[in-house]
Structures are given as C-alpha cells and as structure tokens.
Amino acid sequence: MSDPTASPPTLTPSRYTYRQLQLLRHGSTATPLRIIAHIDLDAFYAQCEMVRLGTPRDAPLAVRQWESLIAINYPARPFGITRMLTAAEARKLCPTIVLQHVATFREGEGGRWAYRDDSFKNIKTDKVSLDPYRAESRKILETIKDDLATWSEDGQTKRLSANVEKASIDEVFIDLSPLVFSVLLQRYPELRATSQDENRDAELPRPPTTAVEWNEDCLIDLDANETEEDDPDWDDIAMRIGSEIVRSVRKAVWEKLNYTCSAGVARNKMLAKLGSACNKPDKQTVVRNRAVQLFLAGYKFTQIRMLGGKLGDQIRNFFGTEQVSELLNVPLDQLRAKLDDHTATWLYNTIRGEDRSEVNPRTQMKSMLSAKSFRPSINSIDQAEKWLRIFAADIYGRLVEDGVLENRRRPRVITLHHRVTAQSRSRQMPIPASNTIDEGLLFDLAKILMRQVVAEAQAWPCSNLSLSVGSFEDGVSKNKAIESFLVRGDQAKSLSQAGRPRVTDGLSDRPPEKRRKVDENNGIDRFFTKPPRPSDDGATSSKGTPELEQLDPTSTAEAPSLFSSEEGIEDISTAQYTCSRCSQVILEHERDEHEDWHFAKDLDNQDREEARTTQSQSRIAPAPNARGRGGRSSRGKPEKGQRRLAFQ
DNA sequence: CACTACGCC
DNA sequence: GGGGCGTAGTG
C-alpha cells in the first residue's frame, strides 16, 4: 500500500508492521501497539457516601470507621486531612467536614447492615459492612461494560470486545486492543488487509496525520530524544483512540452514576496503573510509547506494582538505590546474582517499561471474607460465636447477591482465621455439596472450625477473627434442584464425612478431638473438589510428559470438575464459554481447537521474542515447584506472561 | 492446607 | 497506622 518509490522527501515508513497491527485484534500481549487502560475511582468510599447522601461535589467529606478515617474526598484534602487522623482531629482542621461512619451490622439485629448514628460508639457490638460500596462497585462495572459494548459494534465481521479485569473494589484494567483495532480499521481503511497479507512483516504505511489532537488528555512528556514535532506513528494514533474510549467510559460513569474517576492509558498494565495516578481526580493520563523511558526513570521502583513491599526493600538493599534511573545501570547478570532468574528478568524488563501480563477477564470475586479485630481481646467461645453468627450472615448476604440462590455460583470451601496476639492460625473445610447454603449452615461450619482451633492451641485472648468462603464453582446445574440427583452413595458419604458433626439438629457434639489429622480433612476435600486424582507422590511429574497433558493453555480456571461424578448432567454439544484470551464466545466442543490456536500463536510470539533478545533461559526451566505435581491445581490461568514455558 | 506477602480504601 | 477487605504464591 505505501508505495516506497513515491516517497515524499522526509517520509520514513512506520515503525510498525502488519503483523503487529494484526496482533491487536485478539489482544496479544506481544505487540507494541497494545492499549491498556487502568481506571480508578477517586476516593471511592467517600464518593459513595457523597452520592448516597447527595452532598455537594465540593463539600469536604470523609468516611469514618470507628475513630479513624478510611477515605477522604478531594475537597477535604486541602485542609490537610489525611487517613492517619482521627475523626476529632479532622474536625478541628475542617469544622464543616461531613464525617460519615460506614454501615454496620449489630449484634442481635438480624444480620442486616444499616447506617447508624451511633455506630462509632459501638465498636464492641458492631461490625463494619462494606456492602454499600460493593453494590456501587457492581453498578459502575456494569456501566463500564455497557459503554465498552457500544464501541464493539464495528459493523463488520466479528464483534470484538474488551477484556475487563476487576482489580479491586474501585479499580479495573481494560484491554482496549481489540476495540482500538477495529476503530483503526474503520478510520484508516488503508490499514485493512490486502492481498499483500502474505508479507506481514512489511511496514505499515505512515499515518496520514501530522499531529494528534489530545484535547483534555494529560500527556506524559516525551523522552529526551523525541519531540512533539515528529509526525505521529500508529502507536500514537492507537493511544489516542484508546484515550477516546476511556473518555467515553468515564463520561458514562459520571452521567449515569455521578462518579468521577481517573485513568491511565498505556501499552501495558504497569504503565497504565502508574499513569492513572498521575493526575487526579477526574483526569486521564496518556503514557505514549515515546514517553515511557523518561516517565519511568523519574520513579522510585518501589512505586511500581509488586515492588512496594519486601521485594522492593530487598532490591534496594542489594543495589543501594531505589531510583529506577540508577537501577537501569545494573546489567541483567548482576540482577541475577542477587535475585532468582525469574524475578531478575521480570525486574529487568519492568523498569524498561516491558510488562506482558494479561488483562484477566475476571469481574467476580474469588473469595469473601468477614472479619473483626477485637480491641480488648475476646476470651470465650461464647463471645466468638456471637461474631461468627454475624460473619455468617454477612457472607450469606453477599452470596445471595452473587447468585447462590439460583445456583449460579457456590463456594466450596470455608475458612476460619484466628489470631491470638502475634500468632495467627487458620482452619478450613469443604462446604458439603449436598447442603443448600444458608446462614445456618455457614454458622454451623464456622463453629466446627472454631472448636478445632480452640482444641488445638492457646486460643485466648483472641485479637482477631475472620470467616471466609472461596473456591467458587459456577454454573452448577442451572435449574435442577441439585439435591435431587446427588442421592445414593454420594450423599451417604458426604453426610457421613463432612457432615459428621451434623449441621442441622442439636449437633451431638464431641469435637473431633484427637483424630483430626490433616489426612482426614484432605480426604474429605478430595472427595468434594476433585474427582479422580492420580497418586499424589510428586516425583512422577519430573519433566516432560505429564506437563503435556495439562498444557491446556487458557483459563478454564473455574470451569472443569463441576460435574463431579458419573452423571454428565448437561448437554455439552450446545454449551458455550467465553474465551478468556479473546472474549469470543466459543462452542464448548470447539474449545480444544480454539485453545490450540491461542497456544500456537503464543509459541509463535515467544519464539519471535526470544530470537530478538539474546538471553533465552526460558525454555529449560519449568518453575521447579508447584505446577507439575497434583493432577490438577493451577491449570491454565493466563496471568503473568510466564506460563507454559514448561515444554517444547 | 496453612501460611505469607502484597495492595487498596 | 490500623481495620477490613481482596489476590496470589509457596512448601
């Protein structure tokens, strides 16, 4: 398309190829044209209260939890109010500030949370509820998805859509690559595939523009060797489109729900995340590829995701600096000398702006926790059980919103954490699959776990207690009453084992005392969660072959093993699933083929990549531990560029 | 399975 | 800095 012979004087070709453009389509992590957004609600809990109470946007407000503040809105910040202040101190600094206490559960009030005037005085009987914020978070997420969907209608061929990863209650990552791809093709027909597809390594034609209009976007300054006068290349155009989509999303969130948020747009998650924090509140920041080096060089690496904790401390101690700019001078070998290979390469790439971690299409919680710290500690099982009852009600309420009643999603494991001063311990057990989950069941299971803990070690004074559920499985038997076909042996077993300290009636008591060996629980767990399992003595998976059969590249994170036994409940021939890599809806029976395709593509990308960077080292070492042993465990999960180097 | 680390409001 | 979340990795 671009005819090199007729090139105008100063026209260099694009730095990008058809291949790199094409990789955008399915959100490959390998292309430099990739566009990732990070969106972060401004002082989220505080905004929730502003919206709920209908306070003016410019009125100072903070969210209070007992005597401390957990969120401070932007209008309050010029008064010097920070999260480390007490409510009284805050009021001194800003007499007009609204200090709204979080909603609470209260002992003996039926497991319903409420906003109460006197909750801050009742730390002894109340338990914080973050439910109102979770509910708002859900609405916002839906609004984001809805707006993204309007960008998916590209009129032609496939409907491409964006992966959305809920990173926390108030943050999402979005992989905009497929949307940007289709907008690019609409606006620049010269990019469309032609007969010269064959030569995918050919450079793209130059964009027809000499300047990009960034409107209100905040831009990170270009690297020293770049100037704004240089003509834009396709990465700039792609960023601009990404930024346009983000602006539209933010507008929708504002117009529909009255929340402001800040966003970062860049070529990967790390940069997008750093970018979103650059201009707050209510702004979006674009980190162009040509700005990355200067941008990062100005940071302390301890501000980069994953480096804020002990790892960052270690690195600072090893190399005597926390400046990215100085760490850039440390060659890879020297990083390797101090850090394990994986971490060293990860760090080396990260401070150079390379991050191939994927945007996981996950918007649902993987666990739910309800907790309480005791400020005088508690000292009896009676006291503990009062809280367990509240925890159970709290969690049950959330499960209902999550769809337990309709059997859409169901946790398989329940865990109790217990802390006596510095020492913390936890116990977990399967949630019997035969029971319908309700408050009572959760409470009874919690009591069992509590008794185990108490029987085992010094349990008092207890300074912290929490209950959580997790290991969700979803899509379990849509409408059929699950109990109806679980009868026979299965049920018999589940009742006789997990249900042993029966749950309904006046449990015959007799805490399992001495024979609560790990083995036994293990057996129960195996029964409920993983159908068949090859003998488990590690070793067997030393190298090649076992890996092969579990390669199963993509997600499936929660799909398999639902139909725990012989009865293959549903008709699989029409079942569908959404591919976590490209968000296409695929027929179940085409799954293998589809995943193979991704797999091949990844290998291709990887090869290409390794050819370019001298140091390989990836093909030999499967992470020595984890990975290979159980029959199942961490099958596919796309996160974190590093998977499946294990073979070939 | 129990524990630890990390990150966020 | 602490309470109350949530996620992922390790042996």
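All chains are named by letter (A, B, ...) in the order of the sequence lines, taking the proteins before the strands, and each is independently numbered beginning at 1.
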So what does [X] hit on the nucleic acid, given a heavy-atom distance under 4.0 Å: a base, only sugar-phosphate, or nothing?
X: A:Ser373; value: sugar-phosphate
X: A:Leu307; value: sugar-phosphate
X: A:Asp40; value: sugar-phosphate
X: A:Asn464; value: nothing
X: A:Leu311; value: sugar-phosphate
X: A:Lys166; value: nothing
X: A:Arg425; value: sugar-phosphate
X: A:Ser468; value: nothing

Atom [atom1] of [X] and atom [atom2] of [N]: how far apart are they, to the nearest Å?
X: A:His417; N: B:dA5; atom1: NE2; atom2: P; answer: 14 Å
X: A:Asp340; N: C:dG11; atom1: CG; atom2: P; answer: 11 Å
X: A:Leu61; N: B:dC9; atom1: CG; atom2: P; answer: 16 Å
X: A:Phe44; N: C:dC5; atom1: CZ; atom2: P; answer: 15 Å
X: A:His101; N: C:dG4; atom1: NE2; atom2: C1'; answer: 12 Å
X: A:Asp131; N: B:dC9; atom1: CG; atom2: P; answer: 19 Å

Given [N], is OP1 or OP2 found less than 4.0 Å from the side-chain N or O atoms of [X]?
X: A:Ser426; N: B:dC3; result: yes
X: A:Arg64; N: C:dG4; result: no
X: A:Arg134; N: C:dG6; result: yes
X: A:Gln428; N: B:dC1; result: yes
X: A:Lys310; N: B:dC6; result: no
X: A:Arg305; N: B:dC6; result: no
X: A:Lys127; N: C:dC5; result: yes
X: A:Ser367; N: C:dT7; result: yes

Which listed nucleotide ([options]) is nearest to the side chain of [X]?
X: A:Arg83; options: C:dG4, B:dC1, B:dC9; result: B:dC9
X: A:Arg398; options: B:dT4, B:dC9, C:dG6; result: C:dG6
X: A:Ile70; options: B:dA2, C:dG2, C:dC5; result: C:dG2
X: A:Leu369; options: C:dC5, B:dC9, B:dG7; result: C:dC5

**Item:** Residue whose nearest DNA chain C nucleotide is more 5′ - A:Phe374 or A:Ala167
**Value:** A:Phe374

**Asked** Salt bridge check: are A:Glu401 and A:Arg398 linked by an N-O gap of less than 4.0 Å?
**Response** no

**Set of residues satisfying side chain to side chain donor-acceptor pair (under 3.5 Å) with respect to A:Gln65, sequence neighbours excluded** =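 Applying side chain to side chain donor-acceptor pair (under 3.5 Å) to A:Gln65 gives none.
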
If you draw a 6.0 Å radius around [atom1] in [X], do more than 12 non-hydrogen atoms from other residues or ligands fall strictly inside?
X: A:Asp117; atom1: CG; result: no
X: A:Arg52; atom1: CZ; result: yes
X: A:Arg389; atom1: CZ; result: no

**Prompt:** Can you tell me if A:Thr350 and A:Asp355 form a side-chain donor-acceptor pair at under 3.5 Å?
**Reply:**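 Distance-only check fails for A:Thr350 and A:Asp355.
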
**Request:** Quick one: sort the A:Trp387 and A:Phe391 rings into parallel, tilted or perpendicular, breaks at 30° and 60°.
**Result:** tilted

